[in-house]
Novice: 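Dropping the structure in here first, questions after.
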Number of protein chains: 4
Amino acid sequence: MGNRILKKPTAGSERPKRGAPEETRRRLVAAAAEEFNIRGLHGTTADLIAARAGYATGTFYKHFRDKNEVLVAAYEAWVSEEWNAIGREVLGGGEPEAMARRIVALGAELHIRWGGLRRAMFMLVADDAAAQKSYRALQRRQLKIVESLRKQRGEGGGCSREADALVLMTMERAFDAIAQGELRELNLGRTAILERVTALLADALSPDA
Amino acid sequence: MGNRILKKPTAGSERPKRGAPEETRRRLVAAAAEEFNIRGLHGTTADLIAARAGYATGTFYKHFRDKNEVLVAAYEAWVSEEWNAIGREVLGGGEPEAMARRIVALGAELHIRWGGLRRAMFMLVADDAAAQKSYRALQRRQLKIVESLRKQRGEGGGCSREADALVLMTMERAFDAIAQGELRELNLGRTAILERVTALLADALSPDA
Amino acid sequence: MGNRILKKPTAGSERPKRGAPEETRRRLVAAAAEEFNIRGLHGTTADLIAARAGYATGTFYKHFRDKNEVLVAAYEAWVSEEWNAIGREVLGGGEPEAMARRIVALGAELHIRWGGLRRAMFMLVADDAAAQKSYRALQRRQLKIVESLRKQRGEGGGCSREADALVLMTMERAFDAIAQGELRELNLGRTAILERVTALLADALSPDA
Amino acid sequence: MGNRILKKPTAGSERPKRGAPEETRRRLVAAAAEEFNIRGLHGTTADLIAARAGYATGTFYKHFRDKNEVLVAAYEAWVSEEWNAIGREVLGGGEPEAMARRIVALGAELHIRWGGLRRAMFMLVADDAAAQKSYRALQRRQLKIVESLRKQRGEGGGCSREADALVLMTMERAFDAIAQGELRELNLGRTAILERVTALLADALSPDA
DNA sequence: CATGAATGAGCCTTCATTCAT
DNA sequence: AATGAATGAAGGCTCATTCAT
């Protein structure tokens, strides 16, 4: 698809010929995020990413070692964005219950919008050791954040890192189930699921958890 | 035309045997399960599966349209096996708590042993519509079983299908985390996680849930 | 297509288990003629031929060295049939003009009915030396027949073998054009073409040609 | 990943050259014409064509969807060449008889040189709908040219399109018979055949035909 | 004689990556 | 820095034919 030599007219003309490398890289990462999100890990090619960003194939490989590398970069960018958004919610403060509700809504929204990207990342992690390492690092950081959050609020105790982890896993699993259309196909109510997830999170955020 | 190159001695197995298609199919499915479990979705080829089962490539294609088809078959076989095992535990009866403990132990064991197969199936489901359909059907059946189980024991109520689903998802997510080495890499205690999962399940199995 | 192992119920039951070998062979040739005629050289497989005749694959190879061999046999049978039919017309006698008209009608009909078989044979002749030899033998015999026919009626002379050959070639080419749908696609009138072919043949059949 | 095996020195040709797609395509078509002419439809593979042109397999698929597509391109190129050559002869003018003689000589020569290519094209046309369409288009154009030629010279009448078509078919059939060695194997004199073909053509080219 | 499961060489095609321009 | 044509290993799959039963 698309690789036949046919001299595409290269769209309009407002492309960045010889711009700042950082800018080029940013465009490529953004294009990659969209492509992976839409076409999945295997459907996305370096050609496609470069083309969407307005560059030629070779340019892509000037900025990234390979397809995997951009995907990791794009995924990391997405995670950062999500955390920033959630961080803002947390800083907003309020009752655990209300905070949980806002966080769940936000998470669900972001996972739905970027479900394909996450799925692609999962698949890469399953195949590629480097990607797995990056992914685990992100998970570790996430756990740490939640941990510090809990400590701020003062906590009960027990094997709480594991409790946090399980809550996070459940949340993500539920979000993914929505994003991948699993709930619809299994005739499960989205609201009911999200209610329960919210309850779990609220519980975890409560000082006396 | 044909025997120009000596065939490798076919490795293990007893022997191909002419005239027993059902047996051949069974061997191919078993071989596929092992290969996918070890090498993953992309590392496994029809050639490899056939060779492990002691057959030639063509034989594989006499029994399955493609790689995807065997993977689905192998996964379905695995799920059946797991349910049968769990079913035996359930029939064993006993307190919810004890039953949950046995089920979780069994599930963890089977997910660890066949983590690669599950991962391969996940990846296929993400790419292949037919596989997704089969997978959802399995999930639906699983949900039904759990539902009937709950009804047998008499239950409290609420949006319980969703509650069941969430428990199942959490269980599987936790098992996968163990199987994929996620817990180890994140420095999370396996026992602590399984304790919590057991608690969740016991709760779900209790009549007054 | 069709090679998946699924234990076809083998149709009814009135098949010839262990019949006379000659009968089996005849059935296979007839089945081959139909299959090649419908599916062409590449679309036809030994499996298909055997199945249509009501036998298993292996039986086919007990009677023929390979696919090519049946095709040649089937084609030879067809040619014989055509010649016999034409021979009957010739024996019917009459004016060259009338005889030509009957022969052309008959030839057109037979070529239309068996156009696919002829096409398959052509393709085989292009690829297989043995088939080519058989085909040339048939052509030689055909030429001889026409030659003797001409001598019977007393003839003029000139380089007449070549003249005969060219008339035969033109006839067959025209018949094939009809059979393959060439005329229709080129918007050429079938009747007009056949008129001219008839004229050519009548001319060739006239004593003073 | 890629250069693990040293590539064969690419045989003849000058050099692949980056950045000249048109040139590459031309080379591939030329190589395809030679390969198909020598090895026939089934003996020719995309690999072989690419190698003969001095390129890698993948390059072939950048320019053509498949084997069929190049064959059609190569055949069309051949037809164009033939018509141009014949066109020059026609422009040369002269008596119908002399013109016919020159055209037949030229046609025979080109068909002998490219008999294998034509045969390959025939076989493709029998199997591939797209190729058949292209082939018919060429035939239609050819008919139109001959028609206009006849009109220029003023003509008698009758169902002349069909007459033209039959002459063309006979010519081609005769040329093919020479090219495929049919005449030799049937002990038919080439000169005698060509004489008759020339007479046919001269007749068709005469104003009062 | 008949069966039909098994064989496996080889074709077709893709796509991640390189490199001459 | 950017280009985009070229690369070629690696799979997927078919189908003519064999042979154990």
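Note: hydrogens, waters and symmetry copies are ignored here, and every other heavy atom, side chains too, is used. Within every chain, numbering begins at 1; the chains are lettered A, B, ... in the order of the sequence lines, protein sequences first and strands thereafter.
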Novice: How many whole angstroms separate atom NE2 of His42(D) from atom C1' of dC15(F)?
Specialist: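 Between C1' of dC15(F) and NE2 of His42(D): 13 Å.
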Novice: When you measure from every atom of DNA chain F, which of residues 61-75 of chain A have a heavy atom less than 4.0 Å away?
Specialist: Lys62(A), His63(A)
Novice: More 5' along DNA chain E: Gly58(A) or Leu41(D), using each one's nearest nucleotide?
Specialist: Leu41(D)
Novice: Give one of base, sugar-phosphate or nothing for Ala46(B), where a contact means two heavy atoms less than 4.0 Å apart.
Specialist: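 Contact class for Ala46(B): sugar-phosphate only.
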Novice: Using a cut-off of 4.0 Å on non-hydrogen atoms, how would the nucleic acid contact of Thr57(B) be classed: base, sugar-phosphate, or nothing?
Specialist: base
Novice: With a 4.0 Å cutoff (strictly under), does any side-chain N or O of Thr24(C) reach OP1 or OP2 of dA2(E)?
Specialist: yes
Novice: Under 4.5 Å between any side-chain heavy atoms of Phe36(D) and Ile49(D), yes or no?
Specialist: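 They are in contact (side-chain heavy atoms under 4.5 Å apart), so the answer is yes.
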Novice: Rounded to whole angstroms, how far apart are CG on Leu124(C) and P on dA16(F)?
Specialist: 12 Å
Novice: Taking CD1 from Ile49(C) and P from dT17(F), how many angstroms apart are they, rounded to a whole number?
Specialist: 11 Å
Novice: In whole Å, I'd like the distance from the CG atom of Leu48(C) to the P atom of dC15(F).
Specialist: 10 Å
Novice: State, to the nearest 10°, the angle formed by the axis through the first five base pairs of the helix from dA2(E)-dT21(F) to dT21(E)-dA2(F) and the axis through its last five.
Specialist: 10°
Novice: State, yes or no, whether a side-chain contact exists between Met121(B) and Val125(B) at a heavy-atom distance under 4.5 Å.
Specialist: yes
Novice: Measure across Glu69(A) and Phe64(A) and return the closest heavy-atom pair with its distance rounded to 0.1 Å.
Specialist: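 For Glu69(A) versus Phe64(A), the nearest heavy atoms are OE2-CA, 3.6 Å.
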Novice: For Phe60(A) and dC19(E), give me the distance from atom CZ to atom P, rounded to whole Å.
Specialist: 17 Å
Novice: What do you reckon, are the aromatic ring centroids of Tyr75(B) and Tyr135(B) less than 6.0 Å apart?
Specialist: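 Centroid distance Tyr75(B)-Tyr135(B): below 6.0 Å, so yes.
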Novice: If the cut-off is 4.0 Å, is Thr59(B) near the phosphate of dT7(E), judged by side-chain N/O to OP1 or OP2?
Specialist: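 So the side-chain polar atoms of Thr59(B) do come within 4.0 Å of the phosphate oxygens OP1 or OP2 of dT7(E), strictly under.
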Novice: From the set dA2(F), dG4(E), dG8(E), return the single nucleotide nearest to any side-chain atom of Tyr55(A).
Specialist: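 Nucleotide nearest to Tyr55(A)'s side chain: dA2(F).
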Novice: Please state how far atom CZ in Arg25(C) lies from atom C1' in dC1(E), giving the value in whole angstrom units.
Specialist: 16 Å
Novice: How close or far is atom P of dA6(E) from atom CG of Asp47(C), stated in whole angstroms?
Specialist: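 Distance check: Asp47(C) CG to dA6(E) P gives 14 Å.
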